[in-house]
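This report refers to the structure that appears directly beneath it.
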There are 2 protein chains.
Amino acid sequence: MAEVVRKSFRRRPKAERMAEIELAARQAFSTKGYNATSMAQIAEDAGISEGTIYKFYENKRDLLLVILLRWFEDVRNAHQLDLQKISGTRARVRAIIHRHLSAVIADPDLARLLFAEIRDFEYYRETELYQISRQYTRVLIDVLKEGIASGEVRPDIPLTLVRDVVFGGIEHHVSSFLSGYADIDLNAVSDDLCDLVMVGITVPAAPPPDIEAVVDRLERVADRLEAGKPEGGGG
Amino acid sequence: MAEVVRKSFRRRPKAERMAEIELAARQAFSTKGYNATSMAQIAEDAGISEGTIYKFYENKRDLLLVILLRWFEDVRNAHQLDLQKISGTRARVRAIIHRHLSAVIADPDLARLLFAEIRDFEYYRETELYQISRQYTRVLIDVLKEGIASGEVRPDIPLTLVRDVVFGGIEHHVSSFLSGYADIDLNAVSDDLCDLVMVGITVPAAPPPDIEAVVDRLERVADRLEAGKPEGGGG
DNA sequence: AACGTAAATGAGGAGTGCTCACTATAAGCG
DNA sequence: CGCTTATAGTGAGCACTCCTCATTTACGTT
């Protein structure tokens, strides 16, 4: 039997190999998308053989989930730190919007993977990534509840719907940006969306007439009449 | 050389074959998703060989696009007819929301395919489906512009953002429904979302002044006038 | 009845994710 | 230092994928 010639290789600590694999995978997934990326390509970029990847990750899907989880955990932690410094319902809502937009704009490719690829994985909801994602959007609901408690927010608003409108709205709005066809003004969009959620699109109800002033004038007129003087000034 | 035995087949008009293929494909895509559906399976369900599909459709992606296009055109047409009967900005916004929710709930699987699979296809934006989709969401923007013209809507609202918030919000909100984990109250959600977009989440502005007190004062002034004396005393 | 055309075929190519029997290596031990 | 051992690492190969195309068939027309 012919001897099988195998090329030599270096053994590396598990953690380092995983980091290399994840780096290669992240770049490939980001630039080419999930389906267009092959495990063979990732292995080559990471300088190992295909089989090695399966020593650390169950399968391709698992690899993507791990990558997105690491990224999302960072994003979430940054958000939580940020929010502690801000008070007032409106400012906090604005901060959540701003922060989320920033994260999506900073890593549009990973965000797109999360939006478009992961969501329809079977068992996504049994995933740790899903749990983190829930926690992440949960923050907005907590802020709204504080707002209700402090009287700034109507107590009858549908909380989960508001949450979905904010995050779904951002997702939709940024999708053109993700496709590279448009640019986004981070601050302007944050302000606009915050404003939209807070006061809606309807024209503000006509400000109530200043009844006090009117009565004051009436009184002055009455006084003049009482004083017996017919008329004072024309116009 | 051994003769290749081929089974007999029936020739059918192009249109009928295509209808059969699309039916089989639609069912398979709907129940199993895009990636989990194989062309071999579709061919078998349609009672033909795999190669025949490629006589009518460029590739698997094209087949899905055609199916979603047919469905979406129907949805759009129904919407347009519906909207003609309704007047008033708020009622029209509410109708758009209600109709879109209905369509998504009626065909959750196709909606999910549109949301999750299609969007990240390369060249999606060069697609007819994309154009129809633009037209479809465009209707909301037109309604908002009418609202601005009629004075019902603030003229400074960011139109595309409102559009994204409505459709993105719906998408997000029904994603739990699409996964089969929750149910949706069509009318309640329509009302809530419409309300949210129209007036936001903030508590309504300043309470009206105390009219009673003002009227009392007016009456006192009138009494004074009648009595012609500086003090009149109320009743 | 023969023909031409277009429908239909299915083996096979190039690629995929993934497995597994196997080998090479570094760390721990004497 | 060698010896053992656990395990990182391999890569041929399996079962599958989408898709092509030379070939075969059925049908409307003449």
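Hydrogens, waters and symmetry mates play no part in the numbers below; they use all other heavy atoms, side chains included. Worth saying up front: this structure is predicted, and the values here are computed from it rather than measured.
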Under the side-chain hydrogen bond (donor to acceptor under 3.5 Å, both in side chains) test, residues paired with B:Q84 that sit two or more places apart: none
Nearest non-hydrogen partners of B:D62 and B:Y57, listed with the distance: OD2-CA, 3.5 Å
Identify every side-chain donor-acceptor pair in residues 76-83 of chain A under 3.5 Å, counting partners at least two apart or on other chains, and give the distances.
unit_1	atom_1	unit_2	atom_2	d
A:R76	NH1	A:Q135	OE1	2.8
A:N77	ND2	A:E73	O	3.2
A:H79	ND1	A:Y136	OH	3.4
A:H79	NE2	A:R99	O	3.4
A:H79	NE2	A:Y136	OH	3.3
A:D82	OD2	A:R99	NE	3.0

Flag side-chain contact, heavy atom, 4.5 Å: B:R163 against B:R138: no
B:T137 and B:V166: CA distance, side-chain angles, deciding distance, side chain to side chain contact (heavy atoms under 4.5 Å, CB included) verdict: CA-CA 9 Å; B:T137 57; B:V166 168; over 6 Å; no
With A:Y124 via ring pair (Phe, Tyr, Trp, His ring centres under 6.0 Å) - residues at least two apart: A:Y130
Over all atoms of both residues, closest heavy-atom pair of A:I118 and A:L64: CD1-CD2, 3.8 Å
Residues in contact with DNA chain D, drawn from residues 48-63 of chain B - heavy-atom cutoff 4.0 Å: B:E50, B:Y54, B:N59, B:K60
Rounded to 10 degrees, the angle between the two terminal axes of the helix from C:dA1-D:dT30 to C:dG30-D:dC1, each from five pairs: 10°
Close approaches to DNA chain C from residues 21-38 of chain A, in residue order (heavy atom, under 4.0 Å): A:T37, A:S38
Flag for A:N187-A:H98: side-chain donor and acceptor within less than 3.5 Å: yes
Separation of atom CE in A:M18 from atom P in D:dT7, rounded to whole Å: 15 Å
Charged N-O contact under 4.0 Å between A:D107 and A:R112: no
Length of the CE-C1' vector between A:M39 and D:dC16, whole Å: 16 Å
Parallel, tilted or perpendicular, as decided by the 30° and 60° cut-offs, for the rings of B:H100 and B:F115: tilted
Minimum-distance nucleotide (side-chain atoms of A:R10 versus D:dG9, D:dC27, C:dA26): C:dA26
Nucleotide C:dT25, atom C1' - distance to NZ of A:K14 in whole Å: 17 Å
Interatomic spacing from CG in B:L101 to CG in B:L193 - rounded to 0.5 Å: 7.5 Å
A:R11 CZ to C:dA24 P, straight-line distance once rounded to whole Å: 13 Å
